[in-house]
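The basis for the numbers below is simple: all heavy atoms, side chains too, and nothing from hydrogens, waters or symmetry mates.
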Amino acid sequence: MSDVILITGNVYHTITLDPGVWIFDDRKKRLDEFFKNHPVEDEALAYQEKIGKQWDKELSEGFVPTKESEQIFVHKKDISGDWGIPFAPFLANAKPQDTASSVICHLSSTEQITLSMQEALGSILCFALDGKPIRENGPIHLIYGDGSNQEQPIKGIIKFEIM
């Protein structure tokens, strides 16, 4: 199993996806937030404001963070749970040609699953379960934007081919 996935085919740019770094990406969300009618953005905003005030206080009182204290903060940050990221920005970076109409998911089992371009653009790439990278049938699972296959996502994806 490879930890990187290619987007190839009818695109202007072949893209390499590395799900191992997505935990640091601002576009990530907990999976359940993708499928809620009202995402909990107020809680996240309140948390960010609280942390910002604490940071300002520590800086004004002479506390200067070091690389060590920053690493401790990152390690203490709650990354438990299941995490996903929208597929659309990655497809946009690959710049599908005007004639592109579908996306083929090549699986490690040699099976292929074809999605319409609209289905692919609305999909979520799950990259962490219980706060850990997906090892079995990973490194990502594809979930449709409406969550209809959330219990049985597309697993074992090794490459996306734009047709």
Before giving the answer on side chain to side chain contact (heavy atoms under 4.5 Å, CB included), spell out for N93 and H13 the whole-Å C-alpha distance, their side-chain angles and the decisive distance to 0.1 Å.
-> CA-CA 7 Å; N93 286 341; H13 308 291; over 6 Å; no
Should L115 and C105 be marked as a side chain to side chain contact (heavy atoms under 4.5 Å, CB included) after you check the CA-CA gap, both sets of side-chain angles, and the distance that decides it?
-> CA-CA 8 Å; L115 308 174; C105 303; 4.0 Å; yes
Do I113 and M163 sit in the same hydrophobic cluster, where Ile, Leu, Val, Met, Phe, Trp and Tyr count as joined when their side-chain heavy atoms come under 4.5 Å apart?
-> no
Kindly work out whether a path of hydrophobic side-chain contacts (I/L/V/M/F/W/Y, heavy atoms less than 4.5 Å apart) joins L17 to I104.
-> no
When rounded to the nearest 0.5 Å, the distance separating OG of S123 from CD1 of I140 is 10.0 Å
Establish whether L91 and Y12 are linked, either directly or via other cluster members, by ILVMFWY side-chain heavy-atom contacts under 4.5 Å.
-> no
Check whether any side-chain N or O of D146 sits under 3.5 Å from a backbone N or O of S148 as a donor-acceptor pair, and report yes or no.
-> yes
Hey, any chance V21 and I5 share a hydrophobic cluster, counting ILVMFWY side chains that come within less than 4.5 Å of each other, even indirectly?
-> yes
Where do A100 and P96 come nearest, in terms of heavy atoms and distance?
-> CB-CB, 3.8 Å
Short side-chain to backbone donor-acceptor contact, D18 and V4, under 3.5 Å = no
Decide side chain to side chain contact (heavy atoms under 4.5 Å, CB included) for R30 and S80; before the verdict, give the C-alpha distance in whole Å, the side-chain angles of both, and the deciding distance to 0.1 Å.
-> CA-CA 9 Å; R30 291 184 190 276; S80 62; 4.3 Å; yes
Answer yes or no on whether K28 is positioned over the face of W22, meaning its NZ or CZ is under 6.0 Å from the six-membered ring centre and within 45° of the axis.
-> no
Main-chain N/O of N149 paired with Q152 side-chain donor or acceptor, under 3.5 Å = no
Say whether, by atom type as modelled, one donor and one acceptor occur between the side chain of K155 and the main chain of N137 under 3.5 angstrom.
-> no
Give, for atom CG of L129 and atom CD of E136, the distance between the pair rounded to the nearest 0.5 Å.
-> 10.0 Å
From S101 atom OG to Q118 atom CD, the distance as rounded to the nearest 0.5 Å = 11.5 Å
Plane angle bin for F87 and F160 - parallel if under 30°, tilted between 30 and 60°, otherwise perpendicular = tilted
Check whether any side-chain N or O of R27 sits under 3.5 Å from a backbone N or O of P89 as a donor-acceptor pair, and report yes or no.
-> no
4.5 Å side-chain heavy-atom contact, E161 and V103 | no
Mind checking whether L125 and L142 have side chains closer than 4.5 Å, heavy atoms only?
-> yes
Any side-chain heavy-atom pair of S116 and S102 under 4.5 Å | no
Take V11 and Q97, measure what side chain to side chain contact (heavy atoms under 4.5 Å, CB included) needs, and give me the verdict at the end.
-> CA-CA 5 Å; V11 294; Q97 296 182 10; 5.8 Å; no
Separation of K95 NZ from I7 CD1 (nearest 0.5 Å) = 14.0 Å
Rounding to 0.5 Å, atoms SG (C126) and CD1 (I143) come to a distance of 5.0 Å
Are the side chain of N10 and the backbone N or O of I162 linked by a donor-acceptor pair below 3.5 Å?
-> no
Would you give the length of the straight line joining atom CG of D3 to atom CD1 of I134, rounded to the nearest 0.5 angstrom?
-> 11.5 Å
Do L6 and L121 share a hydrophobic cluster, counting only Ile, Leu, Val, Met, Phe, Trp and Tyr and linking them when any side-chain heavy atoms are less than 4.5 Å apart?
-> no
